[in-house]
Amino acid sequence: MPSPQPAVPFRHAVVTGGAGFLGSHLCERLLAAGTRVTCMDDLSTSDGSNIAHLRGDPAFAFVRHDVSTPFTTSDDVDLVLHLASPASPADYLRLPVETLRVGSAGTGHALEAARRTGARMVLASTSETYGDPQVHPQPESYWGHVNPVGPRGVYDEAKRFGEALTTAYRSAYGVDTAIVRIFNTYGPRMRRDDGRAIPTFIAQALTGQPMTVAGDGSQTRSVCFVDDTVRGILAVAGSDLPGPFNVGLPEERSVLDIARAVAAVVGVPPDVEFVGRPVDDPSVRCPDITAIRTRLGWEPQVGLAEGLARAVAWFRETAPAGAHSGDG
Ligand code: NAD
């Protein structure tokens, strides 16, 4: 049974990180549901192109601001979606201190905004809170296996602190909070150079380069199409439940299989180059989505082949002039 479209009963949402990949899709969905949207973003890992088409909408406002410093919102805000954070390993390794700041101080400012206005506040957390997991698949009750002093620690621990702070604002101040632990998501509007596996594979396959697979490619990921992830986040936002809720596609694939699937969709031979595996790269990753499925009726609807076809179509449409297009 397809899961229902979530009700989005909000008047005015602030979306931090709203110019990014997930944030721009969320802004669009909220506007389509009749919600006013203030997108607050410092454009540190995006360039504004994802929201260019929203700029003319009178219900949409863009505020360029680093949310690691305090901000004010209008009094009528009833939803704060806190997505601001570098998200790709390439970005958070380049911006380690900024990543910790936005996960700590930035989350604090988003919570303060919700506390002042009485808004619901949803923290975009991550499957990275599970680190290199020793429990598989990962239910929300699993505490994780994170190396705080490894290179990925800046992201994982920032999100873990953000979850603790969100939980404390709920218990200490009665703020209406929720936490979503988002698993790897892909789709239109990812930067081709953001370093994450799927946009990298697509960009490489479309330009006739070998796809660079980390290690031997046997490590697994579960990858969810953006429309499903956005629907999951909005389902949690539209409920009164605190979570945390895993949001992801509970189908595990090896990274090598994902590369092969990209090649099949692009229509090129699966030409792969094996490269070094990043430090602390998780070996397995797959969500247990029992909680969100049973409590909110959400589950992903887009499988890998369909999602990749939609992502590849977008990468083709937006290809820089002069780039090859794989199967021509
Ligand atoms: P993204 O890099 O495309 O978007 C992040 C946005 O946040 C960018 O527009 C960036 O400019 C903005 N930003 C960063 N620091 C900021 C700051 N200090 N102040 C204001 N804006 C700031 O990444 P994304 O994939 O859209 O991820 C969005 C959120 O979802 C992140 O919090 C990420 O941790 C979380 N998440 C994403 C995934 C995924 O697969 N895409 C998985 C798990 C969690």
Side-chain angles (χ1 to χ4, degrees), residues 14-28 38-52 62-71 80-110 113 122-130 138 152 154-163 166 179-199 221-230 232-233 236 244-249 282 285 287 300 307 311:
V14 169
V15 183
T16 76
F21 162 51
L22 287 180
S24 63
H25 286 278
L26 282 160
C27 289
E28 203 171 78
T38 299
C39 165
M40 200 174 278
D41 199 300
D42 68 354
L43 302 183
S44 55
T45 65
S46 58
D47 61 7
S49 56
N50 290 340
I51 51 164
F62 174 68
V63 178
R64 187 165 184 175
H65 181 74
D66 172 359
V67 301
S68 297
T69 64
F71 59 86
V80 177
L81 289 181
H82 180 47
L83 285 99
S85 172
S88 151
D91 289 333
Y92 62 72
L93 295 174
R94 179 173 58 84
L95 300 166
V97 175
E98 291 84 347
T99 301
L100 282 157
R101 277 209 191 103
V102 74
S104 52
T107 302
H109 297 138
V122 179
L123 173 69
S125 186
T126 170
S127 57
E128 298 286 335
T129 59
Y130 300 124
Q138 295 81 54
R152 301 173 80 98
V154 296
Y155 181 67
D156 304 4
E157 297 294 9
K159 293 289 186 180
R160 288 165 68 95
F161 178 85
E163 289 200 11
T166 299
I179 296 168
V180 283
R181 291 188 183 143
I182 303 166
F183 282 64
N184 290 355
T185 296
Y186 68 97
R189 300 195 195 140
M190 295 188 91
R191 286 173 10 237
R192 22 198 105 227
D193 62 349
D194 91 351
R196 290 183 268 194
I198 290 187
R221 297 292 182 270
S222 74
V223 290
C224 192
F225 188 65
V226 62
D227 289 7
D228 282 331
T229 298
V230 161
I233 295 169
V236 173
F245 285 110
N246 288 338
V247 173
L249 180 76
R285 189 56 75 64

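Counting starts at 1 for both ligands and their atoms, following the listed order. All values derive from a computational prediction rather than experimental measurement.
Only backbone heavy atoms of Ser125 (N, CA, C or O) come within less than 4.0 Å of ligand 1; its side chain stays farther off. The residue Glu98 has no part lying near ligand 1, judged by heavy-atom distances below 4.0 Å. When non-hydrogen atoms are compared, ligand 1 lies under 4.0 Å from the side chain of Val102 (C-beta onward) but not from its backbone. Neither the backbone nor the side chain of Tyr186 has a heavy atom within less than 4.0 Å of ligand 1.
No side-chain donor-acceptor contact under 3.5 Å links Asn184 to the backbone of Ser222.
Shortest contact from atom 18 (N) of ligand 1 to any protein heavy atom: Asp66 OD1, 2.8 Å. Taking atom 26 (O) of ligand 1 as the reference point, the nearest protein heavy-atom neighbour is Leu22 N, 2.8 Å. For atom 43 (C) of ligand 1, the closest non-hydrogen atom of the protein is Ile182 O, 3.0 Å. Given atom 15 (N) of ligand 1, the protein heavy atom at minimum distance is Ser44 OG, 3.4 Å. Residue, atom and distance of the protein heavy atom nearest to atom 8 (C) of ligand 1 are Thr45 OG1, 3.2 Å.
Any N or O atom pair closer than 3.5 Å counts here, and Thr126 shares no such pair with ligand 1. Residue-to-ligand polar distances place Thr185 within reach of ligand 1: an N/O pair is separated by less than 3.5 Å. Checking only distances, Val67 does come within under 3.5 Å of ligand 1, N or O to N or O. Not a single N or O atom of Met40, backbone or side chain, sits closer than 3.5 Å to an N or O atom of ligand 1.
For Phe21, the ring-ring contact (aromatic ring centres under 6.0 Å, His included) partners two or more places apart in sequence, or in a different chain, are His25.
Residue contacts with ligand 1 include Arg196, since one or more of its heavy atoms lies under 4.0 Å from the ligand.
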